[in-house]
Amino acid sequence: MQITLHLNGATHDLDVDARTTLLDALRHHLGLTGTKKGCDHGQCGACTVLIDGRRVNSCLTLACMAEDAQITTIEGLGSPDRLSPLQQQFLDHDGFQCGYCTPGQICSATGMLEEIAAGWPSHASASLEGPFALSHAEIAERMSGNLCRCAAYTHIVAAIRQAAGADDRHEDAA
Amino acid sequence: MREFTYLRAASLADLPASATIIAGGTNLLDLMKHEVMAPDALVDITRLDLNRVESEDDGLRIGALVRNSDLAAHPVIRRDYPVLSRALLAGASGQLRNMATTGGNLMQRTRCPYFYDRRMACNKRDPGAGCAAIGGVTRNHAILGASDHCIATYPGDMAVALRALDAVVNIDGPAPRQVPLADFHLLPDDTPEIETVLRPGEIITGVTLPAPVGGQHRYRKVRDRASYAFALVSVAAVVGMEDGRISQAALAFGGVAAKPWRDPEVEAVLAGQEPSDALFAEAAEILLRPAKAWGENQFKIPLLRRSLIATLRDATGMEAKP
Ligand SMILES: Cc1cc2nc3c(=O)[nH]c(=O)nc-3n(C[C@H](O)[C@H](O)[C@H](O)COP(=O)(O)OP(=O)(O)OC[C@H]3O[C@@H](n4cnc5c(N)ncnc54)[C@H](O)[C@@H]3O)c2cc1C
Ligand code: SF4
Ligand code: FES
Ligand code: FES
């Protein structure tokens with residue numbers, strides 16, 4: 001079937017089988033291999049992209065269902081000479097080892113920081129009304145949909161907190 | 001994944017009766033990849049106008065397409081039905097909650113590993129084939145309401161809170177109707193393949209919550225890791241206190257049966273009483289009277305007892321015990 005995707009600011013017309021996931025459309029039809037396939041079943045977060053600014057698993061999204069939306073992948077967040085703040089902080093804090101989970105981590109963190117800015121609570125929040133600290137516990141819970149087989153978690157959390165401007169002197173306040 | 005025809009519904013009226021509904025896709029596509037489900041046609045309902053949360057009488061009407069993340073963060077849910085926010089936030093991951101819908105969440109299927117594995121006998125997938133879980137690995141299986149035909153659980157969190165809140169499911173179809181959540185999911189008996197009262201050609205349009213009842217709201221979920229895991233057992237509690245006594249307690253339990261479990265006798269024994277460990281032990285005794293373990297899942301019986309007691313201590317303001 002013929003579909004049109006709005007991706008990283010450009011429009012692409014594709015001919016895909018209805019079964020094609022957004023993840024496979026990105027990697028196989030558009031050659032955008034930044035988005036990774038870990039489990040293909042919603043269990044690891046490696047395939048995380050942003051749809052209309054919200055983080056989702058592209059392995060459980062049909063490409064044909066994403067037609068009217070604005071899709072952003074890791075390639076759309078920044079480039080080697082123009083890194084996004086999160087990309088820069090992952091470099092500065094060694095937020096990865098093999099790097100396979102990293103695009104998913106960064107897309108997820110981008111969406112997650114928007115969720116905090118919008119005042120969304122999490123399972124780790126003491127009160128549903130906020131305020132929501134950028135504590136280690138909050139970030140670990142909000143990022144639990146992204147597994148890292150190399151267990152770079154400590155550095156990932158540090159990178160996210162730095163990018164979000166968290167104050168390190170108040171590590172686990174509130 | 002088997003081939004299917006993709007259709008997109010523009011309005012409720014043009015919903016084809018024979019196609020399988022897809023909303024967030026987070027459960028259906030997973031099962032289609034395993035070929036546990038293999039619909040000939042999918043109808044994408046995400047363009048329908050069912051994504052609002054609106055007040056209705058003294059309560060609230062939640063559209064079937066409201067995403068789990070939006071519902072958890074909704075200011076009225078947070079203020080008046082916090083047990084629902086808490087249950088939603090305890091489920092899945094940030095990404096999945098952004099996709100998962102209210103209707104799809106109610107309809108999600110069991111996480112019994114034998115159901116997912118087409119090489120194994122499963123009465124739910126293949127009626128009459130037998131049940132490989134019985135005598136097998138039963139860590140996530142039922143201790144209440146199971147049958148010799150199926151011991152699977154309903155795995156979700158949201159519906160457990162909805163059960164404690166006396167929610168009603170709104171259904172559209174040839175004859176639109178409203179079904180209390182209490183009657184929506186079915187116990188397996190000898191037809192484990194029939195999981196809800198929803199009939200072919202029907203669609204969930206939303207869920208209605210009655211007027212808020214106040215009280216203390218708790219959702220306690222016990223799982224194998226701290227986050228991003230299904231419940232082994234969970235407890236949704238809405239508990240009112242008056243003059244040091246429990247005025248009312250609504251208690252629903254997840255991870256233990258094919259539906260969110262609720263037992264009026266448990267609530268009756270608590271009503272009007274002063275909170276105490278002896279009282280809570282008595283309530284747990286009543287809850288677990290019909291419990292039956294299937295091998296490995298024996299641990300769920302003491303786990304559910306302790307989870308209920310801990311939730312009640314917490315909700316009635318008794319000193320917290322770890
Ligand atoms: C890794 C992982 C972890 C998870 N962890 C949890 C957890 O901890 N707790 C939890 O509660 N859930 C968990 N989930 C399940 C998740 O919450 C469900 O998959 C989700 O809620 C389903 O909603 P959906 O909109 O994506 O449904 P879909 O996948 O689109 O549909 C699911 C089913 O519902 C039917 N359906 C959808 N909408 C309607 C409607 N309006 N009317 C009638 N039928 C309809 C579909 O036909 C299909 O059969 C997890 C899922 C994954 C993949
Ligand atoms: S418990 Fe139910 S779902 Fe699991 S194998 Fe047995 S019949 Fe199938
Ligand atoms: S590849 Fe999508 S969650 Fe693992
Ligand atoms: S850096 Fe290797 S999986 Fe995360």
Side-chain angles (χ1 to χ4, degrees), chain A residues 1 3 16-22 24 39-45 47-69 104 107-109 111-112 114-116 118-125 127-130 137 140-147, chain B residues 1-8 22-34 41-42 44-47 67 69-75 77-100 116 157 217 219 221 223 225-229:
Chain A
M1 60 188 288
I3 63 166
V16 297
D17 186 293
R19 290 171 289 185
T20 312
T21 60
L22 178 58
D24 287 343
C39 64
D40 213 19
H41 289 280
Q43 299 178 358
C44 76
C47 65
T48 304
V49 301
L50 299 164
I51 295 189
D52 292 332
R54 294 159 63 108
R55 53 181 174 155
V56 301
N57 305 92
S58 62
C59 70
L60 291 182
T61 304
L62 289 176
C64 57
M65 288 178 71
E67 267 208 295
D68 311 329
C107 284
S108 182
M112 184 274 290
E114 290 295 320
E115 293 167 7
I116 294 185
W120 286 13
S122 87
H123 176 65
S125 310
S127 159
L128 290 172
E129 303 301 336
E141 164 59 28
R142 291 172 189 267
M143 291 295 293
S144 73
N146 291 83
L147 306 191
Chain B
M1 202 189 293
R2 306 280 180 81
E3 280 190 277
F4 58 82
T5 312
Y6 171 78
L7 309 162
R8 203 178 271 168
I22 184 163
T26 60
N27 190 224
L28 183 57
L29 288 174
D30 188 11
L31 289 163
M32 286 171 64
K33 287 182 183 192
H34 287 288
L42 285 189
D44 174 358
I45 62 166
T46 55
R47 270 68 171 179
R67 309 284 170 163
S69 53
D70 293 313
L71 189 58
H74 193 282
I77 302 289
R78 281 196 259 179
R79 188 189 66 209
D80 292 341
Y81 308 95
V83 66
L84 180 54
S85 282
R86 287 291 179 189
L88 286 160
L89 293 171
S93 66
Q95 290 94 318
L96 288 161
R97 290 191 295 272
N98 274 337
M99 306 166 75
Y116 266 79
D157 293 294
H217 289 220
Y219 189 75
K221 177 174 177 179
R223 40 185 159 170
R225 55 184 186 194
S227 186
Y228 201 14

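Note on naming: letters A, B, ... go to the chains in the order of the sequence lines (proteins, then strands), and numbering restarts at 1 for each one. Computation of the quantities below employed the complete heavy-atom set of this structure, encompassing side-chain atoms and omitting hydrogens, waters and symmetry-equivalent molecules.
Annotation: side chain of A:Leu62 is not in contact with side chain of B:Asp44 (no heavy-atom distance under 4.5 Å). A 4.5 Å side-chain heavy-atom check between A:Ser144 and B:Arg225 finds every atom pair outside the cut-off. Within the 4.5 Å cutoff, the side chain of A:Arg54 has heavy atoms near those of the B:Asp70 side chain. Side-chain contact check for B:Leu96 versus A:Leu60: some heavy-atom pair is nearer than 4.5 Å. At a threshold of 4.5 Å between non-hydrogen side-chain atoms, the residues A:Pro121 and B:Arg78 count as touching.
Heavy-atom neighbours of A:Glu67 CD from other residues, nucleotides or ligands within 6.0 Å: above the threshold of 12.
Considering only heavy-atom pairs separated by less than 4.5 Å from chain A, the leading option among B:Leu29, B:Asp30, B:Asn98 is B:Asn98. Ranked by heavy-atom pairs under 4.5 Å with chain A, the list B:Leu42, B:Asn27, B:Ile22 is led by B:Ile22. Your options are B:Arg79, B:Arg97, B:Lys33, and the one with the most heavy-atom pairs under 4.5 Å with chain A is B:Lys33. Heavy-atom pairs under 4.5 Å with chain B peak, among A:Leu147, A:Asp17, A:Asp40, at A:Asp40. The residue among B:Ser227, B:Ser85, B:Ala72 with the most heavy atom pairs within less than 4.5 Å of chain A is B:Ser227. With respect to chain A, the highest number of heavy-atom pairs below 4.5 Å among B:Pro75, B:Ser69, B:Gly24 belongs to B:Ser69. Interface summary for chain B: among A:Met65, A:Glu115, A:Glu141, the most heavy-atom pairs under 4.5 angstrom belong to A:Met65.
For A:Thr21, the part sitting under 4.5 Å from any heavy atom of chain B is the side chain, from C-beta outward, and nothing else. Neither the backbone nor the side chain of A:Met112 comes within contact range of chain B; no heavy atoms are under 4.5 Å apart. Looking at B:Leu88, neither its backbone nor its side chain comes within 4.5 Å of chain A, counting heavy atoms on both sides. Looking at A:Met1, only its side chain comes within 4.5 Å of chain B, counting heavy atoms on both sides. In this structure, the portion of A:Thr48 lying under 4.5 Å from any heavy atom of chain B is its side chain and not its backbone. If you measure heavy-atom distances from A:Ser58 to chain B, you find no contacts under 4.5 Å at all. For B:Thr26, the parts lying near chain A are the backbone and the side chain together; criterion is any non-hydrogen pair under 4.5 Å.
Listed here is the closest heavy atom pair of A:Arg19 and B:Arg2: CD-O, 3.4 Å. The nearest pair of heavy atoms linking B:Arg47 to A:Asp68 is NH2-OD2, 2.9 Å. Residues A:His123 and B:Leu89 come closest through the heavy atom pair CB-O, 3.6 Å. Across all their heavy atoms, A:Thr61 and B:Met99 have their closest contact at OG1-CE, 3.3 Å. The minimum heavy-atom distance between A:Ala18 and B:Tyr6, with the atom names listed, is CB-CB, 4.2 Å. Here the shortest heavy-atom pairing between B:Gln95 and A:Ser108 reads NE2-OG, 3.3 Å.
Judged as a ring pair (Phe, Tyr, Trp, His ring centres under 6.0 Å), and not counting sequence neighbours, the contacts of B:Tyr116 are B:His34. By the salt bridge (charged side-chain N to carboxylate O under 4.0 Å, His left out) test, A:Glu129 is found to be paired with no residue, residues two or more places apart in sequence or in another chain being considered.
Separating the CG atom in A:Asn146 from the OH atom in B:Tyr228 is a distance of 7.5 Å, to the nearest 0.5 Å. Atom CZ in A:Arg55 sits 7.0 Å away from atom OG in B:Ser93 (nearest 0.5 Å).
Listed for the B:Arg8 side chain is a donor-acceptor partner under 3.5 Å among the backbone atoms of A:Cys64.
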